[in-house]
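All values below come from the heavy atoms of this structure, side chains included, with hydrogens, waters and symmetry mates left out. Order of the sequence lines sets the chain letters (A, B, ...), proteins ahead of strands, with each chain counted from 1.
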Amino acid sequence: MTANALATYLTDRIGPLPFCPGCGHDPLVKMLDKALVKLQLPPDKVVIVTDIGCIGLADRYFTTHAFHGLHGRSITYACGLKLARPELTVIVLKGDGGCGIGGTHLLNVARRNIGITLIVANNFNYGMTGGQHSVTTPTDGLTSTTRHGNIEGAMDLCGTAIAAGAPWAWRGTIYDKDLADAIAEAIRQPGFAMLDVLELCTAYYVPRNRFKKRDLFTLIEKNGLKTGLLANKPRPEYSARLREAGKAGAGAWPRRATIERMFDNAVDRQTGIVIAGSAGEKVRSAATLFAQGAMLAGLNATQKDDYPITVMTGHSITEINLSPSEIEYTAIDAPDHFIVISGDGLKKSLKRIARLPESCTLYADEALELPETRARVVRLPLVATGKKVSRLSVATVALAALLGDASLFPAGAFSEAISRFQKPDIAEGNLKAVEAGVALSAGIATAPTHVPA
Amino acid sequence: MALEFLEGNEALVRGAVRANCNFFAGYPITPASTILHYMLDAMPATGGVAIQGEDEIASIGFCIGAAMAGSKALTATSGPGISLYSESVGLAIMGETPLVIVNVQRQGPATGSATKGAEGDVLFTRWGTSGGLPLIVLSPATVGETYELTYRAFNLAEQYRTPVFLLSNKEIGLTRESVDLDAIALPPCIDRTHVGPVADYLPHDFHDPADVPPFAEFGGAHIARYTTSTHDKGAYLTADPATIGEMIEHYAAKIDDAADDIALVKADPEEGADILVLSYGVVSRSAAVAVREARRRGAKVSALTLQTLYPVPEAAISAALAGVSRVVVPEMNLGQYILEVERLAPDGAEVVGVNKMNTALISPAEILEQGGLG
């Protein structure tokens, strides 16, 4: 140790350590101090993180940064600190109670291998709240909540963490001569490292169970708990990997699809369009391109999609508003144009179709059986035409037919959006679909419209 | 003018990036999941970190840790996730943590309708953590406002060292709109004030209770401390009632005393109006249509749209309430913010709620009819 070396990382600024006489937390804190002295890390590059439980009082006695949070959540703050500043040494001091309520964080820090050190002060019960049982209370153990003996099994914290992927784990007792060395070794690990340190709670577990130092060793033997270094299989640390992995996808942002006006339009008021089809018919993407086409023609647009959470089945219904001015109310209570391309969309829209106003035009695939409606009905071979062009172009055919019939904006604007924003191989089919849809619409004026009886 | 066709959630991420957000953690939940997706693209590309947590509690815990290490952190969820954030929101208040929390509201209670809009979390967002201390809640109405208010939420979080909620709605978050984000004027970007050279850093230092303490990040030259428990200016635990009272006064005063500075409202007053339509969020768009129609029919109606919900912009609300005999408050819930309006309304003024909580937007016609706008 050099002349400038730090002799301790503990401070008596707020007094001596606060633990009960004989409590294992006192020597554990001193062992952590000894480990830090051995490592000689700059105090401002070390964070001690704790949560609720008696051991959670310890962080503020260190000359390092100190973070004390909510019960069982210390691992989450530690991970946030480490992810934000991977250069920091982040050490969590946690009780067995915290390992219960925060069990998922233990599993997931082990699984991810985030490079923090976890020291569990494991004294088999909740010391801070009155000696209740914890996930590590031995079977038959007496606590304030297991008055006739614990009927639950005790969790093997290291075994659990190792099963979840912890690369480095150690178990021992507060009496182990090499505890400070083990802590230092854990801190040296670039990845996640944990120590399960078995202790005595002299306030509760010791008097209730007449539990003495030698009983700790009996318990270890009786329960077949392994001690010493239980895992040492280093693998790449997460926070460094995350930064590397992120670089691979860095080109994905921002994805800007900007649109300037190139075409004219014939929309003089807010116009509501609904297109109802099935999952897999590309209703949503066709509608987006249609709206972007409208924007190329100088219109404002909104789009809302409705589909089941099981996205590959059932209906897919999209609502589009177009307007020369700002669009405020986005719901479409009285659609101007309603397109039904398949049975799933129809089934979901039956009530709506029954309420359509006379001013609405309903474009429906010729194969569909429609309910009674006041709308002007236009029957078109949408599916048959779409399938002729390409498998995924039915919605595009339908929207192009609408454009041809209603002349909201030039079909060329729809095509321009497709050319701009779709991959060339997909755009090729959809550009043909726009032509086919417009061609379909050419027959509409003379085609008979009818209201089903 | 360059329009884009963006959903609110994507505009939100653009606003966060514009505010130099460099940390995100979140857990998948409809209708907020796309924020997670966009952040997973945006953060690596802009030098930040994004991670999907194992649950909401871990996600906000990661954010609080990162924020105290100096990051500008964002998390996003919906009602069920806000329930799980609840305890940590209190922690963020206690530690004076700059943090932006997005709630893309969906129909509740409980799992409710995952894919449907609502505004049932207004009071929950404000009062959803123990202790009842103030925090900031902003509510956008459009995709463009989502961008702007996300950016401003970061500014407020940094300026006041506090969690700031952005209260969105499926109806905005997952609705695409044509929008020109570049045309939206933004104030300068604010970063938290860092502590200067001091011998002994106090994490919660203040002279006047409303002062915002200078910040020192974990891992910086000053030794930082943070605690969830009642503490003094040095972040050392205390049980002294005088000290605890002084700290609570500080937490409240730094937000409440700044209410006028935090207030963002859009007033549309009409000379001689005896009716006010007071709204916020997506419903304010229906309100705007209703007010225009009422005026066309000859009614004298003023409108006030709140972008800041909390702290309650009392001065702006009181000014708008002056002289009106009826105030109409449309909400996509059973009547929540109306409670604030009722307490501010002048004696004798009738306060009328227009409420709908069936996942459908409130229509302009419903506001006209139920609000008695003529």
Distance in Å, B/Y236 OH paired with B/T227 OG1, rounded so as to fall on 0.5 Å steps: 11.5 Å
A/L296, part contacting chain B, at a heavy-atom distance under 4.5 Å: neither
Between A/Q303 and A/T288, a side-chain donor and acceptor under 3.5 Å: yes
Most contacts with chain A, counted as non-hydrogen pairs under 4.5 angstrom, among B/S71, B/G61, B/A66, B/P44: B/G61
Pick from A/R243, A/R112, A/E326 with the largest number of heavy-atom pairs that fall under 4.5 Å of chain B: A/R112
Min side-chain heavy-atom separation A/I116-A/I91 under 4.5 Å: no
Among B/F23, B/F62, B/Y38, residue most engaged with chain A (heavy-atom pairs, under 4.5 Å): B/F62
Structural part of B/A50 lying under 4.5 Å from a heavy atom of chain A: backbone
Proximity breakdown for A/R13 and chain B, heavy-atom pairs closer than 4.5 Å: side chain
Atom pair CD1/CD1 of A/I114 and A/I75 - distance to nearest 0.5 Å: 10.0 Å
Between A/T258, A/D333, A/L70, the one whose heavy-atom pairs under 4.5 Å with chain B are most numerous: A/L70
Winner by heavy-atom pair count (cut-off under 4.5 Å) against chain B, out of A/P254, A/C79, A/A66: A/A66
Structural part of B/N22 lying under 4.5 Å from a heavy atom of chain A: neither
Whether A/H65 side chain and B/G219 backbone form a donor-acceptor pair below 3.5 Å: yes
Heavy-atom contact with chain B under 4.5 Å, split by part of A/A301: both
B/V283 versus chain A, the contacting section by heavy-atom distance below 4.5 Å: neither
Interface moiety of A/D306 toward chain B, non-hydrogen atoms closer than 4.5 Å: side chain
Polar side chain donor-acceptor pair, B/E177 to B/T175, under 3.5 angstrom: no
Residue selection (most heavy-atom pairs with chain B, distance under 4.5 Å) from A/K82, A/M295, A/R73: A/M295
Contact origin within B/L361 toward chain A - heavy atom pairs under 4.5 Å: both
Ring geometry between B/H222 and B/Y201 (parallel below 30°, tilted from 30 to 60°, perpendicular above 60°): tilted
Residue selection (most heavy-atom pairs with chain A, distance under 4.5 Å) from B/M43, B/R14, B/E7, B/E54: B/E54
Side chain A/N265, main chain A/L408, donor-acceptor under 3.5 Å: no
Contact leader toward chain B among A/K45, A/E319, A/R255, where contacts are heavy-atom pairs under 4.5 Å: A/R255
Side chain, backbone, both or neither of A/T64 within contact of chain B (heavy atoms, under 4.5 Å): backbone
Exam field: side chain B/R18 to backbone B/V13, donor-acceptor pair closer than 3.5 Å: no
Side chain, backbone, both or neither of B/L6 within contact of chain A (heavy atoms, under 4.5 Å): neither
Toward chain A, the part of B/S88 with a non-hydrogen atom under 4.5 Å: both
B/D232-B/T243 side chain donor-acceptor pair, cut-off 3.5 Å: no
Which portion of B/T115 sits near chain A, non-hydrogen atoms under 4.5 angstrom: side chain
Which portion of B/F5 sits near chain A, non-hydrogen atoms under 4.5 angstrom: both
